[in-house]
Every structure is written in structure tokens, then in C-alpha cells.
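Written out below as C-alpha cells is the structure these notes cover.
Sequence lines set the chain letters: A, B, ... in the order given, protein chains first and strands last, and positions in each chain run from 1.
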Amino acid sequence: MHLNCKKMSVFELSEQEIQRRETLNKIREFGIDPYPAALYPVSHTTQGIREDFVEGKEVCIAGRMMSQRIMGKASFAELQDSTGRIQVYFNRDEICSGEDKTLYNEVFKRFLDLGDFIGVKGELFTTQVGEPSINVKEFTLLSKSLKPLPLPKTDAEGKVHDAFTDPELRYRQRYADLVVNQHVKDVFIKRTKLFNAMRQFFNDAGYMEVETPILQPIPGGASARPFVTQHNALDIPLYMRIANELYLKRLIVGGFDGVYEFSKNFRNEGMDRTHNPEFTAMEIYVAYKDYNWMMDFTEQLLEHCALAVNGTTKARFGEHDIDFKAPYKRVTMRDAILEFTGFDIKGKTEEEIFAAAKGMGIDVNDTMGKGKLIDEIFGEKCEGNYIQPTFITDYPKEMSPLCKTHRNDPELTERFELMVCGKEIANAYSELNDPIDQRERFEDQLRLSERGDDEAMFIDQDFLRALEYGMPPTSGLGIGMDRLIMFLTDNQSIQEVLFFPQMRPEVKSHKLELTENEKMIFEMVQKEGAMDLNDLKTKAGLSNKQWDVSIKSLTKHGALKVVKTDAALTVELA
RNA sequence: GAUUCCGUAGCUCAGUCGGUAGAGCAAUACACUUUUAAUGUAUGGGUCCUGGGUUCGAGCCCCAGCGGGAUCACCA
């Protein structure tokens, strides 16, 4: 069947993509390399040009051509580089000083498409309407773009039309998103500024950035389902880390005063607008400090970071105006629950708290221990009320198996969480350094696990051995970096602050050949030469939908044609 | 996992009562030497997410599935 000989891949390309491939061939025939190897001697960025604009200055810049306005013998285009855009002016007689005008008429006007990378050399000037521009003397094609960008347009009032907004496409094709949506790029620039500011703050304080294992034999330091993988040579399972806490503490045992790590963590749990299977936490441990010191340190840190990222300590998040200026309010968990529910957890038994939680309409069950119950009450009734940065302190012991017992109350721990807009963004302890207490806490966790709490922790014997050598009093802090940058850039979804958020695999079904139905119809017509359409439809015995799809496809691909006569419709070979 | 909304041209979106598939931008062609959402004229472009059903006839109605968004649940 000759049909199969057709290059079916062409069917998958849009008209514009085919045209660009044809243009590419013409460019090559003309003797221009559409993907030249040589460096291009860029002398300025568009931003640099705007900041120091001098009429007549010679510049050489490179970038993508994002718009083109051709007006006969003169044209304007916009070039976009990493710092922004600038207008470039192409004048036929500037570019082609001799008789031969093909460089302008053919190369510029016909061979270039939106999205192509070009380099231009020229002089700065200002147009009659006051737009800073480059008068192009020479231009070079640097890389041909074969796929049209989803280009939005911005009108005189700055309103964006036809914006590329579909979240699925934006996340799957982040490269295109970044090209056409400047505000998306800004988010990621701020993300990097945040990391840099935090590093700076820690380094200035004399603490050391370290790296610890991502593949761990025991996934410790948090309660979460891990990803499991297999090490072939050792023939053992290894886990992607859910936290790096226990390794950083080992380093404190080893004698470092302060260590921190930006840790990519992996948790095999649900995905939604605040959870991605891999995310970034920052953890820092400082010897000879306690959680009170850490609160001071944290509020100084966040004030510093907010200033570095946004130039102000104030930030808007959805409906809320928040201010990261230190100091932050400090509220114990007992007082928080007392304030919002009127119930005092102090001195209460598990049964009393269970009954109280149930009375508040909270969904409780008997796998929950005392700590979990208190956590549920706090999460349900209190958490959402803390909009401005607030430290919630002194958590129940059972929920915090790595945290030192409170110096004044054996039921509590020296722990705080920092709440912003009702969400937790940081968690810190006076770290538990008593190895015997630590072993007991792990064993309590094991009992919880047997009771049905699938979030309880594994026992890490090597970590206990390290503690037995002695760990100085230490305070540790963990910050959810993704959530923090969400707050600093007013994004409600974690996908917006990750370059490549996890997505379901893309499903693509390409119809590369004729389907069985299409072959059958084609063969029937081939045998008969020509057939009445209704006859053919009956003989094919297909559903209406299936018939419709098949005959449309066959006529579209030029296999068959439908001829209309006065009497009836006839199908023949094309 | 539950609920709900959505899926139509490269992009953003219309699509009436079920009756031959629409617009703007982008593309192609022509005109135009300081425009800027350039403009004017003309042209091409569709697997209406997939499959099944109802119907003389489905983008539209029904069923199932796939994909996505939002809310909730889960997840310190």
C-alpha cells in the first residue's frame, strides 16, 4: 500500500513546524549555517544598555527575536536576552549598502522567525517615539527555532493577551514558560537569592556547609514513607533520605560547632499544591545553644532573607500582609490551645484529652497517643490563626522523639515551630543528646508503630552509638525552603517554585499507520473500484463514530475521495 | 482517595435549539524607510481528549476511560 510509504512523521508536525523546517533548508542552501559553532562576541546585555544609554554607542548583543514589525524597507524587532528586551531597528540600506539587497529582503525578512536566536552589532539611538533602540549594522543567525513559542502580547496599557497560562503545559514545558513569562523567571531568581542570602548569613556566623548521604540504609530524622531502591553490589535496600538530621548531629558529635546543609529530601507520599515528592529543606545544628537562642537566630535570619529577596521585610501572601521583621511573638502550645479552645492540656490524662478532642468535633481514633491528640487539636483549632510569623513552643514529648525534655516540665520538649499564615515553615529543638533517653524514645516510637501509627520512626543504632560518645548541647533548626519561597513570592502552589515539579508521565498516542478499520474500508473500495457511500458504510459494519473517523482519515490522507453526483455519494480511489 | 470544573487551530478563547467548525493573535503572500498589541489586503490552517451509545444527523445529549485544575482527605 503506497500510503504507508508516506513519511508519516510529517503528519505529526503543525503547518508552522513544517514551514520552519523548509525555511531551515533554504537557509542552508543559501550558505548560512543555522547552528554556527563559533562564539558570538557579546559586549552588552539589554539591561546594561538601558542602564547606561549613550547615543551612538557601539554594542553587540545576542538573544531571541520575540517580535518583528516589518514596514517595507525598514523593520523593528525585539531581542530578548537573560536580562530583558530591547528594540532593534533593521534598515535595508544600512544592512545592504550595495546593490544586493538579499540580506535584508531574504535573510532578515524571510529566513528569520520569532524565537530564533540572533546576534546584532549596531549603534544605540532613540526613535521618534522615544524608544531606546539599536540601529543594526550587522546581524548573525545564532540558532534556528523550529517550534513556535506560545507568545503572549502586551498592549499599550501593559495588559497581557493570549498569555501562556495552562499549568500543565507550563510545568511540562518549563523552558517555554520561562521564555515567555518573565514573572516566572523572577520567582526562580528570587529563589536563588534566598538560598544565597541564607548561606551568607550562616557563613558570616562561622558555620560550615556540609554534604551528607542521600542514599541511607535507615531512613531517619523524620516520620514519612521513604522511596526504596536497591544497591546491587552490596545487595541491600537503600532509602532516599526523608531528612538529614541524624547525619548532621553525627557531625556535631565529631566536633564541628555549626553545620548546615540544603537537603533535597524525598517522601513517597501524596502530591498537592504544598507537597512534591522531592523538596528542599535547610537544616542547621549549632553546638552549645538551646532553642531560645535558636528563636533569636531564626527571626534574625528570616528578616535578613526577606530583605535580601524582596528589599523589604514585608510580604503579601494571598489575602494576607505579613512582616518578617524580628522579633516574632512566642506562644506555648498549651497557651495556644487554651486561647482558642478554652481547654487546658496541662496535667490531663490521655483519656481526658481524647474526650476533649472528640468534644471539639475532631476526628480521633485509638491509634493516637497523647501527643498526636494534642497535635490534632492544635492543627484543627489553632494553627490557622497565626498569620504573622509566630513561634509555637513546648510541644508534647511523644510527638518529638529527637527533642530534649523541657527543663521545667517532663511532659514537654524544648521545641518550637514557626508558623506563618497558618502554615509551618520551620521546626527547631534543643536537641536530645542523652543516649539512654534517646534509645527509650525510639522504643516508644516502635510501640506506637505496633499500635498502628505508620509514621513512627525506625531505630538507628549507629546514631545511638554516636550519641554514646557524647554530643554537646546543641540546637537544630529545619526550614522548608519551598514553602518559605512560596511566602516570599506570593505563590500558593509548590509547583510554581520548583523548576520541574513532578508530573504524571506524558501519554502520547500517535496514529502512525492506517487503523484496521481504515485498511478494511480501503481494501473494499480497492476491490470494487468505486462504491456507493451508503453501501460501503453498511458493508463496513462499523459504528457511526468509527465509520466517521475512518472515512475522514482516509479522505484526509488522500487515499480515498468522495464524489458527489445528483443521485448519491460515491467513494473511489483517490 | 472523595467532590467538582475543564479538555475545540501553534496560543488565548467563542460555539445558540443537536443541523456543513468560529474570532483575535501567530503563520503564508503582497504593500509600506522611525514602528511598538504596527497597519492594510488576501490566503492557508481542525483527531472538537479517547472509546462506546442515542439519533436521519453529535463539538453539543448519555455511559466509560484518559489527562489537567481547584477544594477536601492524607502528609509534622
Side-chain angles (χ1 to χ4, degrees), chain A residues 11-20 22-23 67-78 85 87 89-94 104 110 113-115 125-131 133 135 147-172 176 180 222-225 242-243 267-277 279 281 363 371-372 375-376 378-379 383 392 395 399-400 415 417 423-427 454-455 478 480 492-493 495 503-511 515 534 543-546 548-550 552-553 556:
Chain A
F11 287 131
E12 296 166 42
L13 295 175
S14 68
E15 187 195 18
Q16 286 186 52
E17 288 172 304
I18 294 166
Q19 264 159 6
R20 288 198 179 195
E22 283 166 3
T23 306
S67 70
Q68 214 184 5
R69 293 181 287 279
I70 296 176
M71 299 172 303
K73 300 181 185 68
S75 305
F76 291 92
E78 274 179 299
R85 289 187 188 186
Q87 178 169 273
Y89 174 65
F90 288 82
N91 183 299
R92 188 191 68 180
D93 300 328
E94 280 300 340
Y104 179 78
R110 292 182 191 282
D113 290 301
L114 298 187
F125 79 109
T126 307
T127 63
Q128 288 177 357
V129 288
E131 181 76 20
S133 307
N135 188 359
K147 203 170 168 62
L149 286 166
L151 266 181
K153 289 223 156 195
T154 310
D155 67 17
E157 286 104 54
K159 244 176 84 181
V160 179
H161 299 257
D162 302 338
F164 182 50
T165 53
D166 181 332
E168 182 188 0
L169 291 176
R170 286 180 47 235
Y171 302 153
R172 286 196 197 281
V180 303
S223 312
R225 273 205 300 281
I242 56 174
R267 297 189 182 177
N268 204 343
E269 286 164 353
M271 292 159 57
D272 61 28
R273 71 182 200 294
T274 53
H275 297 85
N276 194 65
F279 64 99
D363 186 22
K372 184 83 178 166
D375 189 42
E376 288 291 324
F378 178 77
E383 202 171 61
I392 304 298
Y395 282 61
M399 300 163 51
S400 316
R415 170 179 183 177
E417 286 193 357
K423 299 256 160 60
E424 173 210 342
I425 62 167
N427 182 20
D454 57 2
E455 295 164 23
Q492 307 290 324
S493 141
Q495 284 85 5
M503 304 282 286
R504 268 207 179 73
E506 226 169 328
V507 280
K508 264 172 124 179
S509 60
H510 287 301
K511 218 186 267 178
T515 64
N534 285 321
S543 74
N544 288 328
K545 184 87 74 179
Q546 203 54 260
D548 190 56
V549 169
S550 304
K552 274 180 183 164
S553 169
K556 186 189 165 192

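- Interatomic distance, CD of A:Glu94 versus CG of A:Asn135, reported as 4.5 Å (0.5 Å rounding).
- Of the C1' atoms belonging to B:C30 and B:G44, the separation is 15 Å, rounded to the nearest Å.
- Between the P atoms of B:U39 and B:G46, the separation comes to 26 Å (whole Å).
- Among the heavy atoms of the strands lying under 4.0 Å from A:Asp272 is at least one base atom, whether or not backbone atoms are also near.
- Taking atom CG of A:Asp166 as the reference point, atom P of B:A9 lies 12 Å away to the nearest angstrom.
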Exercise for review: Using a 4.0 Å heavy-atom cut-off, write out nucleotides 26-33 of chain B from 5' to 3' as B (base contacted by protein), S (sugar-phosphate only) or - (no contact).
Suggested key: BSSSS-BB

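- Contact annotation for A:Val129: base contact, defined as any heavy-atom pair under 4.0 Å involving a base atom.
- If you check the side chains of A:Glu131 and A:Ser133, you find no donor sitting under 3.5 Å from an acceptor.
- Figure legend. B:C25 is base-paired to B:G10; pairs are counted as Watson-Crick or G-U wobble with both atom distances under 3.5 Å.
- Rounded to an integer number of Å, the gap from CE of A:Met399 to C1' of B:A76 is 7 Å.
- Nearest approach of A:Ile70 to A:Ser75, heavy atoms of both residues: CA-OG, 3.5 Å.
- B:C48 and B:U43 have their P atoms separated by 25 Å, given to the nearest Å.
- With sequence neighbours excluded, the residues forming a ring pair (Phe, Tyr, Trp, His ring centres under 6.0 Å) with A:Tyr104 are A:Phe108, listed by chain and number.
- Contact of the A:Pro277 side chain with the A:Met271 side chain is registered, since non-hydrogen atoms from C-beta on lie closer than 4.5 Å.
- Side-chain nitrogen and oxygen atoms of A:Arg69 include none within less than 4.0 Å of the OP1 or OP2 phosphate oxygen of B:U35.
- Between A:Arg415 and A:Glu417 a salt bridge is recorded (basic side-chain N to carboxylate O distance below 4.0 Å).
- Among the protein residues, A:Gln87 comes within range of the nucleic acid bases, having at least one heavy atom under 4.0 Å from a base atom.
- When both pairing distances are held under 3.5 Å, B:U47 makes no Watson-Crick or G-U pair with any nucleotide shown.
- Here, B:C6 and B:A42 have their C1' atoms 37 Å apart, quoted to the whole Å.
- Between A:Ile18 atom CD1 and B:A9 atom P there is a gap of 17 Å when expressed in whole angstrom units.
- Between A:Glu131 and A:Pro150, the residue whose closest nucleotide on RNA chain B is further toward the 5' end is A:Pro150.
- Of the C1' atoms belonging to B:G45 and B:A26, the separation is 11 Å, rounded to the nearest Å.
- Along RNA chain B, the nucleotide closest to A:Met503 and the one closest to A:Asp155 are compared, and the more 5′ of them pairs with A:Asp155.
- Rounded to an integer number of Å, the gap from CD of A:Glu17 to C1' of B:C11 is 13 Å.
- The distance from atom CD of A:Gln495 to atom C1' of B:A70 is 12 Å, rounded to the nearest whole Å.
- Taking all atoms of both residues into account, the shortest heavy-atom contact from A:Ala243 to A:Arg267 is CB-NH2, 4.4 Å.
- Of the nucleotides present, none pairs with B:C17 by Watson-Crick or G-U wobble criteria with both distances under 3.5 Å.
- Residues A:Arg20 and A:Pro148 are in side-chain contact: their nearest non-hydrogen atoms beyond the backbone lie under 4.5 Å apart.
- Across all strands shown, B:U39 forms a Watson-Crick or G-U wobble pair with B:A31, both key distances being under 3.5 Å.
- When both pairing distances are held under 3.5 Å, B:G1 makes a Watson-Crick or G-U pair with B:C72.
- Residues meeting the ring pair (Phe, Tyr, Trp, His ring centres under 6.0 Å) test with A:Tyr89, sequence neighbours left out: A:Phe76, A:Phe125.
- Using N1 to N3 plus N6-O4 or O6-N4 for Watson-Crick, or N1-O2 and O6-N3 for G-U wobble, each under 3.5 Å, B:C61 pairs with B:G53.
- Contact annotation: side chain of A:Asp162 to base of B:G24, donor-acceptor pair present below 3.5 Å.
- For the C1' atom pair drawn from B:C66 and B:C13, the interatomic distance equals 23 Å after rounding to whole Å.
- For the P atoms, the distance linking B:U8 with B:U50 amounts to 10 Å, nearest Å.
- Between A:Gln68 and A:Leu114 the shortest heavy-atom distance is N-CD2, 3.9 Å.
- With rounding to whole Å, A:Glu168 atom CD is found 12 Å from B:U12 atom P.
- B:U3 and B:C63 are spaced 14 Å apart, taking the P atom of each and rounding to whole Å.
- Base engagement by A:Gln128 is indicated by at least one non-hydrogen atom pair under 4.0 Å involving a base atom.
- Atom CG in A:Leu169 sits roughly 12 Å away from atom C1' in B:G69 (whole-Å rounding).
- If you take CD of A:Glu22 and P of B:G44, they are 17 Å apart, rounded to a whole angstrom.
- Of the side-chain N and O atoms in A:Arg415, none sit less than 4.0 angstrom from OP1 or OP2 of B:A76.
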